[in-house]
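What follows is a short report on a single structure.
Numbering of ligands and ligand atoms starts at 1, following listing order.
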Amino acid sequence: MSATLHTFENGTALAEALADAVGDRLAAAIKERGTASIAVSGGSTPKAFFQALSQRELDWTRVIVTLVDERFVPPENDRSNHGLVAANLLQNKAAAARFVPLYRAAATAEHAAAMASEATAGFANPFDIVVLGMGTDGHTASFFPGGTRLREAIDPATPRSVITMNADGAGETRLTFTFSSLQDAGFLVLHIEGDGKKEVLARAEAPGDEMEMPIRAMLRRARSPLQIYWAP
Ligand SMILES: O=C(O)[C@H](O)[C@@H](O)[C@H](O)[C@H](O)COP(=O)(O)O
């Protein structure tokens, strides 16, 4: 599908513009269907965006927030994406939103993934908004190069669900929505910052194997147009 690059002067300007765009989409979905759903990524990049979005004026009681992917760690762990979202997005006006975690205190990550798949099935088809990140190794969500279930995760035939993933670059076991769950969001965003990530993006846009740079799956095959938000 097509991708559009939106460039901003700095991270603050990007965060405000992305919060405006996402806030407008959430409001439109609420107006249309009474509810809105958004899946966001972790990492260091989205913090300012989360803080900006948390202050947008809308009926947050009708918004469901979940994660594109998560580490198999409880929210108190400082590597938890749930913890990051709780501290930065589910604040201010957005404190009224309903958060649906991917992590579950289950015996295994596989059980947690099954529980998360069930808990999200009602609203993840498709998401109104998905905000992806990208690592310098070309991963997005928890689609890591060399990941144990990478082929399955990016296979368009794999159903909408949350699956587990292990990879050298990932640290903990991950829980991740599959490609099919994310690629048809009403508003599909890739949020990246810095010159290094822009170079990674250029490499990903060149011919090559999706298994080497899994972001290529989104760049090449997402049904929704990919909106790339970038600032130096
Ligand atoms: O870490 C996570 O939760 C996500 O799995 C990951 O896909 C993230 O979006 C990228 O690794 C970018 O991370 P940075 O923003 O920290 O560069």
Check: Quick one: does Phe143's side chain get under 4.5 Å of Leu182's, heavy atoms only?
Finding: yes
Next item on the list: Scan side-chain atoms only and decide if Glu70 and His82 contain a donor-acceptor pair under the 3.5 Å cut-off.
Entry: no
Notebook entry, point to check: Just wondering, do Ile163 and Thr176 contact through their side chains at under 4.5 Å, heavy atoms?
Noted result: yes
Item checked: Validation row: Leu188, Leu132 side chains within 4.5 angstrom (heavy atoms) -> yes
Notebook entry, point to check: Name the residues in contact with ligand 1, where contact means a heavy atom under 4.0 Å away: which are they?
Noted result: Ser41, Gly42, Gly43, Ser44, Thr45, Asp69, Arg71, Asn81, Gly133, Met134, Gly135, His139, Ala141, Arg174, Lys197
Item checked: Residue pair Phe177 / Val130, side-chain heavy-atom distance below 4.5 Å -> no
Margin query: Is the distance from the ring center of Phe144 to that of His139 below 6.0 Å?
Written below: yes
